[in-house]
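Report on the following structure.
Model, not experiment: these values are computed from the prediction. Numbered from 1 within each chain, the chains take letters A, B, ... in sequence-line order.
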Amino acid sequence: MPGDITGGFAADDTLFIEVVLPLSLARNYTYRVPAFLNEEIVAGKRVVVQFGKYKMYTALIRSVSTRPPEHYEAKYIIDVVDAVPVVNAKQFAFWEWMVRYYLCNEGDVMAAALPAGLKLASETVLSLRRTGDVQPPLSSKEQLVMEVLARQQRMTISDVIKLLGQKTVYPTVNALLQKQMIDIAEEVSEKYKPLTRSFVSLDDFYKEQENLRQLFDLLEKAPKQLDALLSFMKLSRTGSPVAKQQLLDDSNCGPGAIKALADKQVFRIYKMPVDRLNDDAYDLLLHFELSDAQQAALDEVNAQFMEKDVVLLHGVTASGKTQLYVRLMEKALENGGQILFLLPEIALTTQLVERLKNYFGEKIGVYHSKFNDNERVEIWNKVANGTYRIVLGARSSVFLPFRELQLIVVDEEHESSYKQYDPAPRYQARDAAIYLGYLHGAKVVLGSATPSLESYYNASEGKYGFVKLTERFGGVPLPEQKIISIPEEQKRKKMTAYFSSVLLDDITKAIARKEQVILFQNRRGYATISICATCGYTPKCIHCDVSLTYHKSSGKLHCHYCGYYQNLLNICPACGSVHIEQKGFGTERVEEELQLLFPDLRMARLDLDSTRSRNSLQQIIMDFQERKTDILIGTQMVAKGLDFEGVGLIGVINADTLLNYPEFRALERSYQLLAQVAGRSGRRDKQGLVSIQTYSPAHRTLRQVIENDYEGMYADELAERDQFGYPPFTRLIQIHVRHKDPHVLTRGANELAARLRKLMGPRVLGPEQPLVARIRSYFIMQIMIKADKRTSISKVKEALKDTLLHFHADKDYKGILTQIDVDPY
DNA sequence: AGCACGCCGACT
DNA sequence: GTCGGCGTGCTC
């Protein structure tokens, strides 16, 4: 295995290293090591290499050999960045698995795995060359660049692109280079910069009691300085270094007093790197006893771990799975292992994280996409050096440099956000975590109130252990759930906008009881589409095959796929009519209509649009928690991992958009989502209420939701999957085929499908048009491979890789782009 | 990814 | 004619 093995080579050997570049390249590249760097070469360290004509990248040493490449001259590496490897052998093994399983490149994995702060790329920097010679004639663009350069000394290529407002700037830059007006250089800079703060310490001289006493006498006439000294003495008693800022906050002295003491050689001021991460001291606050049911479940999990590496914990909402996790984590900690606790992205900003942080103190680190680059590097380092024994993280935390994982918890394992769709590696973090657990010899718990069909199936087949926790912790009653028939209400003329009289009544009562309300609407934006009442025209995105959505906050029509937006139409461009209507509705519209009905209530929205920034999500949640908001209107996000004490009613505005989604998992997802939403209501002593509005009140899945009949849903769905050949009875591999010209695309996709069919027969389906047939000016078709249990999936993958290789080499189909998505759900 | 090379349309 | 646009291929 490649890894931490140094040596094995003679000192005067010429070393060649295979490196991974953080780019989507089909293979790794070989570089040559200058002899003076030989001793520093270890797999997993970063090196700086030139790749292509100018560009420098950080590459990772993958393996070392003494054999020169046969068909080309290897370039020399420029430098070795690290003193110790940043990627360990287990990580490389994990990457290799990802490459094999998800049919991606190692560079894709590297790009996803390393925090941006550890991936350096060079920038081409232009600078003036001072020659003083006669100026050669310059084009207007060249002049423009020279003028700016004269003013600000240096420019990067992207500065030039911005300045000239065009993409092709190399001709201009090269011309200036030729005319000897400028120099260019590639600059690689370490992006990660430790944060430093000033600290204060006492000079050794005053560590003698006698000297110190004299000092106090001496400062009699300088009360500010005396104050500073006294504060310092007090702060330093804790034994930790005293920050200058801390001293300023704690005493009444100004910076002048500290400087005066420093000048007198009493204080020493020094800079030291500090943590960016929240380093407040945590108390061990959370002490708890497990209920009998929890204790029994815990014992059962431990018993199952004797035989199985993976256990599915099916615990109804509010059954206290978290306490079970905590016990399991404590045990793993005692054994000296590390723990990975995976959560869906959204759940990471909530109370669970705070509670665990309180409980485990500074052994715990949190990792998700809203941390900045520097913070992520610090977490990476703390996982590598073992400071963090527990990591609470979103899907990308499977890439952290764990040394000895002993336990992996995948909470809410059914969550679709564990799947990364774009870009490659298109991986399922839950599945990847299971392999990661295998590599480390760690145990894996999958927890959910509504397990994914696959996991439940694996458990029932005996592949995973299975433990069920049916009792709600503390005897919290299940909410009352009811279905409201929209057609029925319409018949009786009892619908006001999107709200039935029943739901409005429920809201009024809940508010009267001083409870809060959550309304769930599975769509963001204000109105789904604008439609011309005269001719039926709807404005569409110019790059994608979708209707634009009106967003009230911006007052514009937006495309959810590419971000394109345009002004609202007043006049129909097709027929000139001014009768433009807004059809369909989203969270914004629900909020507005509801505000009209309840002008006194305070409302907030929780969706992707209202939570783009790092803190807004937390702010909205906090406000709701502190009851500054009465009604929270949200998309899927409200269903996930949020616990609110005060919520008495959860309303689902329209369940049909979920049920009718054209995908084989629609009903499973609907059940999970609605059950999860219901779980948000009624904590502690109160029974909550869930009201679901729908056009199809007799739908079997809705029945199953209100009867809490997970097993019934499982049985029905499993039968359908069996009948139509879907997972878990088959494995799916989806191939996305893209081209700007729809005809070229159709021809190419048909040919590719035909070639695959020649190898795999009827397992190959399509090509067909996806729901959205064009995104970002590219037309899309997809081909699906459905491999049943008897088919060797690795052979299918081999054949697929091979076929694609030949297909792309074929001149007739050049320019056609393909993507592979293994387990695309 | 990002850069060079080569082919094609629009403007001096 | 040439400049600048874009498509295609290669990078150890």
Earlier contact from the 5' end, DNA chain C, for G815(A) and Y76(A): G815(A)
Select base, sugar-phosphate, or nothing to describe what [X] touches, counting heavy atoms under 4.0 Å on all strands.
X	answer
Y54(A)	sugar-phosphate
L21(A)	nothing
K811(A)	nothing
R27(A)	base

Presence of donor-acceptor pair under 3.5 Å, side chain of Y72(A) and base of dC12(C): yes
Expressed as a whole number of angstroms, how long is the span from [X]:[atom1] to [N]:[atom2]?
X	N	atom1	atom2	answer
N105(A)	dT11(C)	CG	P	16 Å
F51(A)	dC12(C)	CZ	C1'	7 Å
L817(A)	dG9(C)	CG	P	12 Å
M56(A)	dC12(C)	CE	P	12 Å
D810(A)	dT8(C)	CG	P	14 Å
L23(A)	dT11(C)	CG	C1'	10 Å
Q50(A)	dC10(C)	CD	P	19 Å
L25(A)	dG9(C)	CG	P	16 Å

So that I can tick it off, tell me whether [Y] and [X] are bridged by a salt bridge, with the cut-off set at under 4.0 angstrom between side-chain N and carboxylate O.
X	Y	answer
D821(A)	K419(A)	yes
D823(A)	R430(A)	no
E415(A)	R395(A)	no
K382(A)	E378(A)	no

Y778(A) six-ring face occupied by R774(A) cation (under 6.0 Å, within 45°): no
Which of these nucleotides, [options], is closest to any side-chain atom of [X]?
X	options	value
Y57(A)	dC3(B), dC12(C), dA1(B)	dA1(B)
K814(A)	dT8(C), dC3(B), dC12(C)	dT8(C)
K141(A)	dA1(B), dG4(C), dG2(B)	dG4(C)

dC12(C) OP1/OP2 closer than 4.0 Å to side-chain N/O of K75(A): yes
Interface with DNA chain C, restricted to residues 738-752 of chain A and to heavy atoms under 4.0 Å: none
Shortest non-hydrogen separation from D812(A) to R747(A) and the atoms involved: O-NH2, 3.7 Å
Nearest heavy atoms of N105(A) and S24(A), plus distance in Å: ND2-OG, 3.1 Å
Neighbour count above 12 (heavy atom, 6.0 Å) for Y435(A) OH: yes
